[in-house]
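Everything on this sheet refers to the single structure shown next.
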Amino acid sequence: MKNTEGGSMAFGPVLWSAVLIILVWWGPGWLIGEALGIRRIFLPAAAPAMGLGLLSVIGAWGDYVHLPWNPLSVGIAVLLASALAFGIRLSVRRRGRRLPGPVRAGGTRVWWLYGSAAVVLAGVVGGYTWLHGTAALQSINQDWDIPWHANMLRLIADSQQWSPHIAGNFAYYDTTIATAPIRSYPIAFHAILALVWPASGLTIPGFINLFTMVLVAIQLPLSTMALTAVLVKKPLAVAAAGAASTWLTVYPYDLLWRGPLIPFFAGTLMVGPFVLLATHYAQNRRWHGVLAVGLAAVSVIAVHPSLAFVAAPVMLCWLASRFVHFRRRALGMTLFLLAAGGLGAILAVPIIREMLQEASRVARMTWPPDTTPQGAIRNAIFLSHADSQPVYAATVLIAIAVVGLLLRRRGRWYFLPVIGFGVLSIFTMGTNAKGVIRLAAAPFYDDQWRIVAVYILLLIPLIGAGVYFLAFGAYRLWRVAASRRAGAAEPGRRHAGNILAGNRALLPTTALGLVILLVAGSVSSANIKTSYARLAWTNKVTGSTLNSGEINLMTHISRWVPENATVLNDACDGSVWMYALGGRMPMIRHFEVIPTQRQQLLLTSLPKLPTDPAVRAAAAELGIDWVFVGEGRIRAGDKPKPGLVNLGHLPFLQLVAREGNASLYKIDWAKLPGGAAQVAADAHDRVSEPGVPGIWKMTDPSTVLAHGGIC
């Protein structure tokens with residue numbers, strides 16, 4: 001990938017990487033779906049949910065028996081699991097009865113046609129927006145979370161181990177994990193990519209960019225259609241929702257320039273497929289579907305546990321509506337969902353246990369409001385947030401959908417989760433939420449950006465429903481007018497319903513729906529410009545956090561620095577990217593990592609190496625032979641660490657390489673008191689983390705500073 005100097009990205013590696021991403025994202029779930037006999041019309045949307053769930057189970061439980069996390073061992077495990085699933089299907093299915101499809105009207109071929117068209121329309125908008133905002137995939141996001149994701153991807157690929165607590169070891173090797181702010185992290189997103197990235201031929205930033213584009217352009221419309229199919233079983237409504245899913249800035253693009261919050265976004269894409277599988281199999285009570293739904297539930301938990309607090313309320317509201325309308329069958333549905341949920345919880349025990357370690361830290365986080373209560377209400381009505389454009393056309397379509405659903409019987413349950421997250425969005429955007437609201441916002445880090453994204457996620461199916469109701473209403477009015485002109489009686493409700501179900505209505509309503517969708521999209525085109533402008537704000541080929549000199553030097557740092565070395569660095573200058581880009585370990589590996597006392601001594605007093613034995617001992621204990629100094633800053637107000645300023649005049653530092661304003665130095669211990677012998681004596685408590693070169697664990701750990709130290 002030739003992105004460090006603004007060159008073009010080679011097409012061959014991009015195409016090959018896309019094939020690998022599609023294979024790992026859809027392959028395992030498609031295989032388990034075929035084994036379970038799931039209708040293929042489900043599989044494009046649902047396969048990733050089942051596949052990520054299956055891979056998460058293999059990884060989390062395989063970690064106990066030290067199963068290597070590589071394509072060969074994982075592939076064998078997937079095949080064995082699929083064979084087991086096929087056996088389960090044969091043993092519990094009721095012979096002679098075919099599963100009904102997820103939809104009724106129009107036939108399977110119509111659904112494939114509508115779904116394919118929706119993915120194409122959404123993919124064109126989403127792909128264009130993503131390519132435009134990321135400089136044709138060449139950029140590197142300059143914000144807070146992305147180096148953590150990039151480093152974790154490489155760590156899992158290099159170590160070939162799945163272990164949620166590996167994040168704590170990676171961040172805080174110089175202290176006990178129990179006292180570290182980051183002890184665990186959901187790693188399913190990173191682990192899935194780690195299986196195929198080494199064979200891709202792309203750098204990690206380019207590979208993540210390509211993967212995210214696949215999510216935006218393909219999985220987002222598929223997941224949206226899955227959720228919409230639960231609400232309105234009409235091809236036009238489902239396809240329109242999928243086509244509109246890539247229009248809006250607040251979701252998904254606000255999650256993908258800010259942070260970017262890629263695991264959270266990927267987790268939102270598991271909600272729709274999970275709800276579709278759960279509602280379909282619960283209604284039909286096909287008990288081998290317990291495994292499919294259980295695996296989909298695991299995917300929601302593993303990719304980002306907070307999304308369980310979205311999927312669960314939606315399912316509870318749906319189940320409550322079943323008790324209202326189908327009292328006799330509702331108990332069976334409840335038992336099915338309890339069985340599937342229980343299986344998912346059992347399969348996810350290792351992941352849940354690790355995530356509970358982070359629950360208190362997540363719950364304590366607070367974010368201030370970014371608008372007034374009145375502004376928050378306007379945002380909720382017009383699907384905007386911060387300075388994104390109000391989407392008036394979407395608001396009109398949602399209003400039409402609300403009226404249409406009120407006139408129906410089975411879709412009203414959906415208003416409860418929509419209103420719930422709408423209220424939560426308003427309070428977190430416009431107030432300092434307290435009490436019940438604060439409790440409800442806690443699983444989402446009290447972060448209005450995440451909560452409003454979930455709210456928009458739930459609104460998009462209503463956009464599709466609005467297109468359908470408007471198109472069908474216009475068609476019915478035309479039919480009534482035509483009948484009156486011909487002197488015939490006005491069609492009754494039953495006759496009109498039959499017209500809708502028949503092919504005679506399909507083409508005209510589709511044509512009207514397409515016109516409505518295109519008009520609404522044209523009216524909302526300013527939002528698309530806002531979306532790629534926001535992406536371009538933080539995605540740069542060379543930017544304020546990570547400039548071209550730093551990128552080049554860190555990418556090629558292995559020319560000088562040995563594999564098991566640790567490099568002294570300032571966390572706030574972009575050097576936390578060092579491991580992801582060049583495979584060498586920086587001392588501080590993420591912007592959020594609070595230094596230990598030993599690390600802080602070096603960051604403030606490195607020039608005192610010749611005169612202060614404590615500084616020399618800290619460097620020796622931490623394994624510091626190399627020093628990296630960069631220019632970029634994660635935040636404009638960050639100041640360079642005092643110990644890493646004006647190093648060129650220090651006689652014990654040898655300048656090894658320089659790219660732009662980024663420099664790499666080597667410590668010449670022969671010019672320091674005690675020399676190499678003293679280094680060896682002071683480094684007695686270091687032990688290597690097995691399988692992870694450059695990570696050292698301390699038998700005599702230091703303590704984390706009490707006063708923060710985050711950039």
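Computed from heavy atoms alone, side chains included, the values below leave out hydrogens, waters and symmetry copies. Quick note: residue numbers are just sequence positions, from 1.
- For the residue pair Tyr251/Thr268, the side-chain donor-acceptor check at 3.5 Å is satisfied.
- The closest donor-acceptor contact from the side chain of Asp145 to the backbone of Gly259 lies at 3.5 Å or more, if one exists at all.
- Looking at Leu227 and Leu458, their side chains come closer than 4.5 Å, going by heavy atoms from C-beta outward.
- Side chains of Asn379 and Ser384: a donor on one and an acceptor on the other come within 3.5 Å.
- Nearest heavy atom pair, residue Ser245 against residue Pro252, reads O-CD, 4.1 Å.
- Formation of a donor-acceptor pair under 3.5 Å by the Asn539 side chain with backbone atoms of Thr134 is not found in this model.
- Sorted by first then second residue, the ring-ring contact (aromatic ring centres under 6.0 Å, His included) pairs that include residues 514-539, not counting sequence neighbours, are Tyr128-Tyr532, His132-Tyr532, Trp257-Trp537.
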Show which side-chain atoms of residues 510-526 pair as donor or acceptor with protein atoms under 3.5 Å away, not counting sequence neighbours.
residue : atom : partner : partner atom : Å
Thr510  : OG1  : Tyr114  : OH           : 2.1
Thr510  : OG1  : Leu506  : O            : 2.6
Ser522  : OG   : Leu518  : O            : 2.9
Ser524  : OG   : Ala520  : O            : 2.9
Ser525  : OG   : Ser522  : O            : 3.0

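- Classification of the Phe264-Phe444 ring pair by plane angle, with boundaries at 30° and 60°, yields perpendicular.
- Taking both residues in full, the closest heavy atoms of Val216 and Gly126 are given as CG1-CA, 3.9 Å, listed atom of the first, atom of the second, then distance.
- Here the shortest heavy-atom pairing between Ile351 and Ala302 reads CD1-CB, 3.8 Å.
- Gln142 places a side-chain N or O within donor-acceptor distance of the main-chain N or O of Ile140, the cut-off being under 3.5 Å.
- Here the straight-line distance linking atom CG of Asn209 with atom OG of Ser139 works out to 5.0 Å at 0.5 Å rounding.
- Panel note: side chain Ser299, backbone Ala49; a donor-acceptor pair is recorded below 3.5 Å.
- In this structure, Ser223 contributes its side chain and Leu269 its backbone to a donor-acceptor pair below 3.5 Å.
- Of the possible polar contacts, one joining the Tyr455 side chain to the Ala380 backbone as a donor-acceptor pair under 3.5 Å is found.
- Between Phe591 and Trp144, the two ring planes are tilted [angle within 30° to 60°].
- Between Leu43 and Met50, some side-chain heavy-atom pair lies under the 4.5 Å cut-off.
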Inset, instruction - Before giving the answer on salt bridge (charged side-chain N to carboxylate O under 4.0 Å, His left out), spell out for Arg534 and Asp254 the whole-Å C-alpha distance, their side-chain angles and the decisive distance to 0.1 Å. - result: CA-CA 8 Å; Arg534 286 208 179 177; Asp254 274 356; 2.4 Å; yes
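- Of all non-hydrogen atoms in Thr246 and Ala122, the two that sit nearest each other are OG1-O, 3.0 Å.
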Inset, instruction - Could you go through the salt bridge (charged side-chain N to carboxylate O under 4.0 Å, His left out) check for Arg635 and Asp143 one step at a time? - result: CA-CA 9 Å; Arg635 299 290 182 261; Asp143 208 34; 3.6 Å; yes
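- Although no hydrogens or angles enter the test, the distance criterion places no donor-acceptor pair under 3.5 Å between the side chain of Arg408 and the main chain of Gly404.
- With respect to Asp447 and Arg258, a salt bridge is recorded, a charged nitrogen being found less than 4.0 Å from a carboxylate O.
- Ser116 places no side-chain N or O within donor-acceptor distance of the main-chain N or O of Leu113, the cut-off being under 3.5 Å.
- The existence of a salt bridge linking Glu592 and Arg361 is confirmed by a sub-4.0 Å separation between a basic side-chain nitrogen and an acidic carboxylate oxygen.
- At distances below 3.5 Å, at least one donor-acceptor pair connects side-chain atoms of Arg412 with backbone N or O atoms of Leu406.
- Aromatic pair Phe265/His304: centroids not less than 6.0 angstrom apart.
- Gln448 places a side-chain N or O within 3.5 Å of a backbone atom of Pro368 that can act as its donor or acceptor partner.
- Summarising the local packing, CZ of Phe309 is surrounded by 12 or fewer heavy atoms from other residues, nucleotides or ligands at distances under 6.0 Å.
- Ring geometry for His590 against Trp148 counts as tilted: the plane angle lies between 30° and 60°, on a 0 to 90° scale.
- Looking at His385 and Asp370, their side chains do bring a donor and an acceptor atom within 3.5 Å of each other.
- A donor and an acceptor atom, one from each side chain of Thr249 and Thr530, are nowhere located under 3.5 Å apart.
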